2 protein chains.
Amino acid sequence: MTASHAGRQPTAKSPRRPGPKAWLSQERIVAAAFRVSEQAGAQGITFQAIGDELEAHPTAIYRHFRTKDDLMLALLDALHAEALEATPQPGGDWVQELRELARATHAAFMRHPHVAQFSGARTARRQHEFAKVDRVIGCMLRAGFSPEDAARNYRVFSDFVLAYSAQDASLAALDTDTKNTDMRAWTVDYRTLPREEYPNIHAVAHALPALDDPQNFETALEMMLESLQSSARTTSGTG
Amino acid sequence: MTASHAGRQPTAKSPRRPGPKAWLSQERIVAAAFRVSEQAGAQGITFQAIGDELEAHPTAIYRHFRTKDDLMLALLDALHAEALEATPQPGGDWVQELRELARATHAAFMRHPHVAQFSGARTARRQHEFAKVDRVIGCMLRAGFSPEDAARNYRVFSDFVLAYSAQDASLAALDTDTKNTDMRAWTVDYRTLPREEYPNIHAVAHALPALDDPQNFETALEMMLESLQSSARTTSGTG
DNA sequence: ACCTGAACACCGTTCAAGT
DNA sequence: ACCTGAACACCGTTCAAGT
């Protein structure tokens, strides 16, 4: 209990000795993982890098997360939390609320592409994911869909948002050379393909949007919302 | 030149000696990689496993592919080829052709989930991808869209199909335990969440479609096609 | 020309040992 | 209780050496 003999002589043998001030915790590890992911060139998030960031031994993380998958699901839930924070409270127009939730999810994924790239197909099964699912289903119910249709439309709409967002994030997470080569395919390769073999590509090549054009997700999102509105009108006679 | 002294005494020191009959080639390596991917539990496609499958040294692959990324893009193009083979010739109803191309792409991805899971965001920039892009753009032009709208709609529709297919493939490619845990979240965790905190989830939990329900992609696809038809009617007065 | 062997710099994970 | 050190079984990739 007496915190006295913390003599700070610089004779420390071990080059990294944060002192007892800095115990690890799930929160600190998650924060460090995000910091690592921001400057992670291609290779990404490793226990080694997180350990360095925390000035702790890589394997110390196993005290707080059972496996790396466990940690990655915690990071995914943090992405859901970030998206929820950026979204106004529920209760207004259901289409506008779905639009805002979708945009906030896409934005959070793009802010942390190294985390997001593996997240699209995963279920975090944690607090903030629960909250977001509840919000989306709430929108579907307010739209007038039956419980069955609301559940189906939740699944399809949310998986669409996650899939498209994870794909955009995957592109952003590629190492610079690989991304540049893929992008250049659309500004060079596809624009110089022989007209005889690929007449349709040739006809519109000058207008092909870039792979990372933010309007791509916006356009896809509006298409999904339009279709939902159309079937909501058909389904429910009672406004 | 004299292929005589191929004495087949079983004294061979080297345990793997296919003899000169079996030179490696891009085609043989791609075929072996697909075979490996089919029985790849979680860990996936490695040069070691492909080498074993070919009874050759893992590093021999570097004679035929510059990097692993180069090999993976060749595998992606093979997926595009498989999707094209399963699709009727172009020229009929543009909506039906888009539907068939999308279904064939999704099916090819699901047949090879370990290859597909990393493919959604990548550009193969190879023969069969060119051919598929030309088909989709052809549909958009036949629908009556301007070159600009055809190019945008190609990008959005195709990226939607690739993203959703890669996401479904990623789920299928998870190792058994991880996939089961994620799936169980929707049949157990989400169905037993407290009603007070998550009223909307509680209201529809019994009807939530499974993560891997094939109807999910079908529903999303029809929503996109509906929206395309609607904007094609608005855009082009000339049937 | 094509393949092999050995080496390099990494991974996630386990487990006995330290404090 | 929490962290460290060493070890294990892997990765992709490079490069000199074999045939």
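The shown structure was predicted, so the numbers you read here are calculated from the model rather than taken from an experiment. Convention: sequence-line order gives letters A, B, ...; per-chain numbering from 1. Worth knowing before you read on, the calculation uses all heavy atoms, side chains too, and leaves out hydrogens, waters and symmetry mates.
Residue contacts shown for A:Leu71 are absent, as no nucleic acid heavy atom lies under 4.0 Å away.
Under the side-chain hydrogen bond (donor to acceptor under 3.5 Å, both in side chains) criterion, B:His202 pairs with no residue, sequence neighbours left out. With sequence neighbours excluded, no residue forms a side-chain hydrogen bond (donor to acceptor under 3.5 Å, both in side chains) with B:Thr87. Every residue meeting the side chain to side chain contact (heavy atoms under 4.5 Å, CB included) condition with A:Thr123, not counting sequence neighbours, appears here in chain and number order: A:Arg125, A:Glu129, B:Asp182, B:Ala185, B:Trp186, B:Tyr190, B:Leu211. A:Tyr154 is linked by a ring-ring contact (aromatic ring centres under 6.0 Å, His included) to nothing, counting only residues two or more places apart in sequence or in another chain. Residues satisfying the side-chain hydrogen bond (donor to acceptor under 3.5 Å, both in side chains) test with B:Glu100, not counting sequence neighbours, are B:Gln96. B:Glu218 is linked by a side-chain hydrogen bond (donor to acceptor under 3.5 Å, both in side chains) to B:Arg103, counting only residues two or more places apart in sequence or in another chain.
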State the dot-bracket string of DNA chain D. Criteria: Watson-Crick or G-U wobble, both atom distances under 3.5 angstrom; notation: ( ) intrastrand, [ ] crossing earlier pairs, | interstrand, . unpaired. ||.|||||...|||||.||
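Rounding to whole angstrom units, CD1 of residue B:Ile50 and C1' of C:dC3 are separated by 16 Å. Across the protein-nucleic acid pair, B:Leu24 atom CG and D:dT19 atom C1' stand 15 Å apart, rounded to whole Å. Rounded to whole angstrom, the span from the CH2 atom of B:Trp23 across to the P atom of D:dT19 amounts to 14 Å. At whole-Å resolution of the value, CD1 in A:Ile45 and C1' in C:dC10 are 17 Å apart. One interatomic measurement links the two molecules: CG of B:Asp175 to P of C:dT13, which rounds to 11 Å at whole-angstrom precision. B:His57 has its NE2 atom 12 Å from the C1' atom of D:dT14, to the nearest Å. Residue B:Leu54 contributes atom CG, which lies 16 Å from atom P of C:dC2 at whole-angstrom precision.
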Test side-chain contact (heavy atoms from CB on, under 4.5 Å) on B:Arg152 and A:Asn216; report intermediate values, then the result. CA-CA 8 Å; B:Arg152 172 73 65 187; A:Asn216 296 336; 2.8 Å; yes
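Of the candidate nucleotides C:dT13, D:dT4, C:dT4, C:dT13 has the atom lying nearest to any side-chain atom of A:Phe47. In this structure, of D:dC11, D:dG5, C:dA6, it is C:dA6 that holds the atom nearest to the side chain of B:Thr59.
Residue A:Thr46 places at least one side-chain N or O closer than 4.0 Å to OP1 or OP2 of C:dC11.
Taking 4.0 Å as the cut-off between side-chain N and carboxylate O, A:Asp70 and A:Arg126 count as a salt-bridged pair.
A heavy atom closer than 4.0 Å to some atom of DNA chain D occurs in A:Ala60, A:Arg63, A:His64, these being the qualifying members of residues 60-70 of chain A.
Identified under the salt bridge (Lys or Arg N to Asp or Glu O under 4.0 Å) test for residues 188-197 of chain B, with sequence neighbours left out: none.
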